[in-house]
Amino acid sequence: MSLEKKYGLQPLIPFSVKSLAGFIIIFMIWQGGTLLWLSLLHNLIPATRSGLPGLITLYLSFVFLILGVFLVTRYFFKIRFRTFLFEGNRPDFRKFVRYFLWYLFALILYLLVDIGVHPQAFTLHFDPLPWLGVLLITAPLILLQSAAEEIFFRGYMYRMFRSLRGGVFWSIFATSLTFALIHGFNPEMLNYGIFGPLYYLLGAFFLGIVAYHTNGLAAPIGIHFATNIFNTSIWGYGSSTLDNMGLQSIVYRHTLDMPFAFFGIFAIVITYGAFQFFKHQRNRP
């Protein structure tokens, strides 16, 4: 298979004042809509201020991110949303499922290694019926949140920088840096020093590479969904912002070892890179 990938080039959203304005409008619709939504629900239904109802309310707010991307692509750039998402192709559900399962397996393997190295840091935390009930409620919402972020970062932003000279590099670099700034510099992650932001920067860089190599959003959404399912349903950890949100996990880590988590993700990225390299070498004419 050739390394000349075309994802992000058609339909084109050129880097310009117009596309930057579109980026700002998307961000304003997302954040403004979220604030109004949370304020309205918190006042009308006080139970949504905390716990699982609060988490459900927060996940539903990612509809505003998708809405922002839809409005800008449809009315700023006259691109049909389906064309923007799939570039004229059919949705690749098989690729989504394949990458979801592969990455979830990799994360579970990482967890087993972590338990083997730090057994004293973990407590079994599994209650099957409540766990299944919460998973059935939250899984579709986690998919919504994961897809919304990928549509914005590896969809709109990636496409915006793709037209530049060296566009693949700038697409991956800009989206990764922005993703890391939004996710990695929150108070929870800053507690872990430089490894918090670096963890998100490396993860975002990996998602950008996957979008490039797989020519679309199906695989990145699958990986993002697997990551969030793992972090909300497979394990929990102390100091997590989700710790008091009514989630159920199988194991609980008393404190997160962020350097260990960073090098775990690093190992996954290196493994994927080696796989792509040998795949390319094998398919060369």
Side-chain angles (χ1 to χ4, degrees), residues 7 30 34 52 55-67 69-70 81-82 84-86 89-111 131-158 172 175-176 178-180 182-184 199-237 240-242 245-251 261 264-265 268-269 271-272:
Y7 172 63
W30 176 22
T34 297
L52 187 60
L55 185 63
I56 292 170
T57 304
L58 182 61
Y59 278 139
L60 286 171
S61 70
F62 281 88
V63 168
F64 293 104
L65 179 53
I66 297 176
L67 175 63
V69 177
F70 167 77
F81 198 52
R82 182 183 176 87
F84 167 80
L85 291 178
F86 308 117
N89 301 314
R90 296 178 62 183
D92 198 337
F93 296 111
R94 294 175 67 179
K95 184 180 292 182
F96 164 79
V97 171
R98 186 165 67 249
Y99 273 80
F100 168 79
L101 293 175
W102 166 73
Y103 200 71
L104 186 62
F105 172 80
L107 291 173
I108 291 172
L109 183 61
Y110 155 79
L111 175 60
W131 178 84
L132 181 61
V134 172
L135 178 64
L136 290 174
I137 292 170
T138 57
L141 300 173
I142 293 169
L143 177 58
L144 168 69
Q145 178 253 331
S146 303
E149 291 195 351
E150 290 307 308
I151 289 168
F152 179 50
F153 289 105
R154 258 65 62 178
Y156 184 86
M157 276 196 72
Y158 185 101
I172 295 173
T175 56
S176 300
T178 308
F179 189 88
I182 292 174
H183 291 80
Y199 173 86
Y200 277 103
L201 182 63
L202 180 62
F205 180 80
F206 176 57
L207 288 168
I209 290 289
V210 170
Y212 169 70
H213 273 288
T214 60
N215 280 311
L217 288 173
I221 291 174
I223 291 173
H224 201 143
F225 183 42
T227 303
N228 290 344
I229 284 289
F230 178 81
N231 287 330
T232 56
S233 301
I234 307 298
W235 84 335
Y237 57 89
S240 169
T241 53
L242 299 175
M245 301 298 281
L247 293 170
Q248 297 285 325
S249 60
I250 296 175
V251 295
I265 296 298
I268 293 173
V269 172
T271 301
Y272 180 80

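What you see is a predicted model, and the numbers here were worked out from it, not measured in a lab.
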Item to check | Pairwise side-chain contact, I66 with L144, heavy-atom cut-off 4.5 Å (strictly under) | outcome: yes

Checklist entry - F96 vs F225 aromatic rings, parallel, tilted or perpendicular, using cut-offs 30° and 60°? => result parallel

Checklist entry - Should we say atom CZ of F205 is surrounded by more than 12 heavy atoms from elsewhere, each under 6.0 Å from it? => result no

Checklist entry - Is there side-chain contact between I151 and F84, with at least one heavy-atom pair below 4.5 Å? => result yes

Checklist entry - Does any non-hydrogen side-chain atom of Y59 lie less than 4.5 Å from one of L55? => result yes

Checklist outcome for this item: Rounding to 0.5 Å, atoms OG1 (T227) and CD1 (I265) come to a distance of 6.5 Å

Checklist entry - What are the two closest heavy atoms between D92 and K95, and how far apart are they? => result OD1-N, 3.1 Å

Next on the checklist: Using a 6.0 Å distance limit plus a 45 degree cone around the ring axis, check whether R154 lies over the aromatic ring of Y7.
Outcome noted: no

Next on the checklist: Could you measure the distance from the OG atom of S146 to the CZ atom of F62? Nearest 0.5 Å is fine.
Outcome noted: 8.5 Å

Checklist entry - So among I221, V210, L104, which one has a side chain to side chain contact (heavy atoms under 4.5 Å, CB included) with Y99? => result V210

Next on the checklist: So which atom in I142 and which in T232 form the shortest heavy-atom distance, rounded to 0.1 Å?
Outcome noted: CD1-OG1, 3.2 Å

Checklist entry - What do you reckon, is CZ of F81 surrounded by more than 12 foreign heavy atoms closer than 6.0 Å? => result yes

Next on the checklist: Nearest 0.5 Å, please: how far is CG in L207 from CZ in F179?
Outcome noted: 6.5 Å

Checklist entry - Going by the angle between their ring planes, with limits at 30° and 60°, are W30 and F152 parallel, tilted or perpendicular? => result perpendicular

Checklist entry - Should Y103 and I268 be marked as a side chain to side chain contact (heavy atoms under 4.5 Å, CB included) after you check the CA-CA gap, both sets of side-chain angles, and the distance that decides it? => result CA-CA 9 Å; Y103 200 71; I268 293 173; 3.6 Å; yes

Checklist entry - When rounded to the nearest 0.5 angstrom, what is the spacing between CE in M157 and CD1 in I172? => result 12.5 Å

Item to check | pair I229-L143: side-chain heavy atoms closer than 4.5 Å | outcome: no

Checklist entry - Mind checking whether W235 and F230 have parallel, tilted or perpendicular rings, split at 30° and 60°? => result tilted

Checklist entry - Going by the angle between their ring planes, with limits at 30° and 60°, are F206 and W102 parallel, tilted or perpendicular? => result tilted

Checklist entry - Are I234 and L107 close enough that some pair of their side-chain heavy atoms sits under 4.5 Å apart? => result no

Item to check | Interatomic spacing from CD in Q248 to CG in L52 - rounded to 0.5 Å | outcome: 9.0 Å

Checklist entry - Side-chain contact, heavy-atom cut-off 4.5 Å: N231 with L242? => result no

Item to check | Euclidean distance, S61 OG relative to I56 CD1, rounded to 0.5 Å | outcome: 12.5 Å

Next on the checklist: To check you understand the geometry: which heavy-atom pair defines the closest contact between L65 and A148, and what is its length?
Outcome noted: CD2-O, 3.4 Å

Checklist entry - Which atom pair, heavy atoms only, marks the closest approach of T214 to P220? => result OG1-CD, 4.2 Å

